[in-house]
Amino acid sequence: MPPTFGNWQVWSDAPRFTAVSFAETLDGGQAFRWQRKGECFEGRWGRNVVRLRPRSGQVDYAAPTGVDPVETRLALKTYFACGTDFEALTDALPWRSDPVLAAAVHHFRGLRILRQPFGETLFGFLCSSTKQIPQIKAICETVARELGEPLPDGSHALPSWSVIADAGEAPLRAAKLGYRARYIYQTAQFLAERPGWLEATEAAPTEEARARLLELPGVGRKIADCVLLFGGGRLEAFPIDTWVEKILIRAYQLEAWKLPQLQDFARIHFGPAAGYAQQYLFAAARAGFIPS
DNA sequence: GCACAGGTAGATT
DNA sequence: AATCTACCTGTG
């Protein structure tokens with residue numbers, strides 16, 4: 001039995017993470033296919049499999065045996081949105097006048113927004129409604145194992161939407177998706193009837209892309225914004241879930257405000273990278289920094 | 001046993 | 001146009 005992964009390589013232009021921001025970026029609810037293995041993380045997206053190991057201000061990576069590490073490094077560059085200057089974006093957030101955001105930014109400095117495959121992001125967040133992150137991850141593993149193509153290390157990719165459309169609702173129910181199974185299957189059918197629709201959605205301006213995503217069964221404002229933010233690189237998209245709603249209401253004293261008003265507040269207060277601010281706040285709330 | 005969990009859609013007021 | 005409620009399943 002040969003080793004599953006090749007040698008560790010230095011990821012020379014890796015983002016500058018702290019241990020905290022590294023773990024929070026991969027395992028903080030943006031993505032659902034990363035597993036912590038001692039000091040390192042093992043993750044999957046598209047056809048890619050990689051192990052990452054944070055080391056004092058840099059990151060090492062290992063590709064599966066038989067996979068060219070150069071190819072893996074290119075995939076990492078896209079996945080971690082290395083063309084985006086998150087340090088500059090952080091500096092431009094209103095932390096100077098916002099002590100709540102300042103505390104979150106201080107603790108999670110180096111946090112990034114991932115650029116995941118658009119279709120997979122849609123799948124992940126269709127699984128997510130009133131589920132906890134460990135359950136969402138377990139569901140993704142089951143669906144990948146049952147319907148997805150094998151990957152170089154013997155694990156499986158998430159299935160394409162056309163495979164889900166052909167497989168029907170039953171395997172989704174079997175994966176414990178519950179009522180979400182119908183939404184996912186209906187979305188798969190919707191996409192199967194419209195070749196190129198998802199790609200056109202990803203390429204559209206944010207408002208139009210959001211309106212298109214809202215046509216999908218099971219996709220409301222929150223899921224649409226998660227797909228735009230974590231899969232479409234739209235840093236202005238500001239998903240409001242139960243956590244973020246509580247933060248905004250409690251920490252910013254917006255007691256009587258409803259969701260559409262909170263959306264307006266976020267856009268105006270946090271600016272063009274509001275979604276990035278949202279991820280700092282979400283992380284801080286989950287870590288117990290912000291009273292909720 | 002029961003409330004609650006990264007919501008959404010359809011019914012009811 | 002707000003505000004309930006059903007929808008599945010796992011966990012504490």
Could you tell me how far apart [X] ([atom1]) and [N] ([atom2]) are, to the nearest whole angstrom?
X	N	atom1	atom2	answer
I139(A)	dG10(C)	CD1	P	9 Å
Q186(A)	dG7(B)	CD	C1'	15 Å
W243(A)	dC4(B)	CH2	C1'	12 Å
L259(A)	dG7(B)	CG	P	11 Å
D225(A)	dT8(B)	CG	P	9 Å
Y183(A)	dG7(B)	OH	C1'	8 Å
I136(A)	dT11(C)	CD1	P	13 Å
L213(A)	dT8(B)	CG	P	12 Å

Note to self: Rounding to an integer number of angstrom, what distance separates dC8(C) and dG10(B) when you compare their P atoms?
What the structure shows: 14 Å

Quick test of your reading of the model: are [X] and [Y] salt-bridged, counting only N-O distances below 4.0 Å?
X	Y	answer
R96(A)	D91(A)	yes
E24(A)	R286(A)	yes
E169(A)	R173(A)	yes

Item checked: Nucleotide forming a Watson-Crick or wobble pair with dT9(C), both distances under 3.5 Å -> dA5(B)

Item checked: Proximal nucleotide (of dA5(B), dT8(B), dT3(C)) relative to the K258(A) side chain -> dT3(C)

Check: Should the pair R33(A) and W45(A) be classed as cation-pi, given the thresholds of under 6.0 Å to the six-membered ring centre and 45° from the axis?
Finding: no

Base, sugar-phosphate, or nothing for [X], non-hydrogen atoms under 4.0 angstrom?
X	value
G29(A)	base
G124(A)	nothing
K222(A)	base
Q278(A)	base
L229(A)	nothing

Note to self: Quick check: on DNA chain B, is the nucleotide nearest R180(A) upstream (toward 5') of the one nearest A224(A), or the reverse? Name the residue that is more 5'.
What the structure shows: R180(A)

Check: Do F32(A) and F125(A) have ring centres separated by under 6.0 Å?
Finding: yes

Margin query: Is R173(A) close enough to dC8(C) that one of its side-chain N or O atoms is under 4.0 Å from OP1 or OP2 there?
Written below: yes

Next item on the list: Tell me whether the OP1 or OP2 atom of dC8(C) has a side-chain N or O from K131(A) closer than 4.0 Å.
Entry: no

Item checked: Face-to-face contact Y179(A) to dC8(C) six-ring, under 5.5 Å, under 30° -> no

